[in-house]
> 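What follows is a single structure, and I will ask about it in a moment.
Reckoned from all heavy atoms, side chains included, excluding hydrogens, waters and symmetry mates.
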Amino acid sequence: MMPFSTSNGNWNNLIVALFTSTSAVCVTGLSVVDPGTYFSFWGQLFIALLAQIGGLGYMTTTTFLILLIGRKFDLRQKIAIQQALDRPGMSGSTQVIRSIIATTLIFEITGVFLLLPAFVPDYGWNQGLWLAIFHSVNAWNNAGFSLFKDNLIGYQSSFLVVFTVTGLIIFGGIGYQVILETYIWLRDRILKKKETLVFSLDFKVATSTTLILLFLGTIAFFCIEVRNPATFGSLNLRDQFLVAWFQSVTPRTAGFNTIDIGKMTTAGLFITIALMFIGASPGGTGGGMKTTTLRVLTSCTKTILQGKEEVLLYERKIAVALILKAVGVLVGSIATVILATIVISLTDPQLDFIQILFEVVSAFATVGLSTGITASVSPAAKLVLIITMYVGRVGVLLLMSAILGDPRPTRIHYPEENLLVG
């Protein structure tokens, strides 16, 4: 809200400041103003810093700061780190934090150097360097803020920008564990070690599901939007595939766009909503229901259709507790989206249903894509979107458990009985 954060030097509006800071720290990318013209350099820097903190996660950032000042961890902090990183034990957590920070810096710095040749010729060294830094940070953290008025539409035909940004989005959202296992596998192959790495189930599920969604999304967007003159129709075949690829990647909670989202067909918007709702992978910087949740639920459906009693993934049995968690995430996510959509439909009845649903899913999955209504919705709707972004980033189950308190174990078991389902 400070005057030095805005380009006109005046105090910022409370709702604008709250919405922008929430969107940044929740790595969403939705904005009620144009960040490139509304905010000064300091305001843009605060957005980038909040996106960086939000992408790394609270515990990772806090742990890194504790390591910088040389303090040691007590038992409570070690347990918190273990739970935040979803590790089986408490040993080696500091090394993991250092690896996460190092990985983040390597990818972001690489992104900056790759984007410089695209931005410097158009904006000069000073502005070009800042544009490269800002967009690299936002792409890796799946935030989606852009300093260009038309987002990245002006670079829709640039191989360098498209594949640099999409590469950062994919690796940032796929999860640190996947990147680490890929690094170990490549290292062992280069050093020609006899012992080969056995990829974890997380790696197999995250990578295979991500590749399937990216491939199907690219084909679907190309087939549906190719005759739409407002999006793909006016482009040549090469640019159409570039735009289709980018549009398949960006709903995975990134928020950048190389076409006007508001001019997409209804079918294209629904596909985007579905991809946004699924989101990225656990352990990454993205949001959404997560790819692993989708695979567990689809595997449950496959098990029922095959008449089996055990849910299997890559010859591994999925625990009942994990299945229940996946169902809980799905039900909680749908309930949040439905409730937010109903409330905004009441506060802003002039908006189309598809626009409201798109905006709500984008906020919940911390994506940042919009059909162009974010700035025009009422203050009440903005507050609903702020809450939705927060719930989506924190996690439905985690937020509910924090409100309800720790579960109470019980020794009471009830008799089993059949129920008609479906």
> Could you measure the distance from the OG1 atom of Thr166 to the CG atom of Leu242? Nearest 0.5 Å is fine.
9.0 Å
> Just how far is it from atom CZ of Phe46 to atom CZ of Phe39, taken to the nearest 0.5 Å?
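Going from the CZ atom of Phe46 to the CZ atom of Phe39 covers 11.0 Å.
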> Could you measure the distance from the OG1 atom of Thr347 to the NZ atom of Lys382? Nearest 0.5 Å is fine.
10.0 Å
> Say you draw a straight line from CG of Leu56 to CD1 of Ile100; how long is it, rounded to the nearest 0.5 Å?
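The CD1 atom of Ile100 is 8.0 Å from CG of Leu56, to the nearest 0.5 Å.
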> Going through the checks in order, is the side-chain contact (heavy atoms from CB on, under 4.5 Å) test met by Thr103 and Phe171?
CA-CA 10 Å; Thr103 303; Phe171 282 106; over 6 Å; no
> Apply side chain to side chain donor-acceptor pair (under 3.5 Å) to the pair Gln52 and Trp140, showing each step before the final yes or no.
CA-CA 9 Å; Gln52 186 71 81; Trp140 169 259; over 6 Å; no
> Could you give the distance from CG (Leu312) to NZ (Lys317), rounded to the nearest 0.5 Å?
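The distance works out to 8.5 Å.
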> Are there more than 12 heavy atoms of other residues, nucleotides or ligands under 6.0 Å from atom CZ of Phe222?
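Yes.
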> Donor-acceptor pair, Ser31 side chain versus Asp34 backbone, under 3.5 Å?
no
> For Leu369, does its backbone N or O pair with a side-chain atom of Ser362 as donor and acceptor, under 3.5 Å?
yes
> For Tyr183, is the OH atom crowded, meaning more than 12 foreign heavy atoms sit under 6.0 Å from it?
no
> For the pair Ser208 and Tyr314, evaluate side chain to side chain donor-acceptor pair (under 3.5 Å) and give the outcome as yes or no after the intermediate values.
CA-CA 11 Å; Ser208 61; Tyr314 295 99; 2.9 Å; yes
> Can you confirm whether the side chains of Glu359 and Thr374 place a donor and an acceptor under 3.5 Å from each other?
yes
> So with a 6.0 Å cut-off around CZ of Arg189, is the heavy-atom count from everything else above 12?
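No, CZ of Arg189 has 12 or fewer neighbouring heavy atoms, counting only those of other groups under 6.0 Å.
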> Can you confirm whether Glu309 is buried at CD, in the sense that more than 12 heavy atoms of other residues, nucleotides or ligands lie under 6.0 Å from that atom?
no
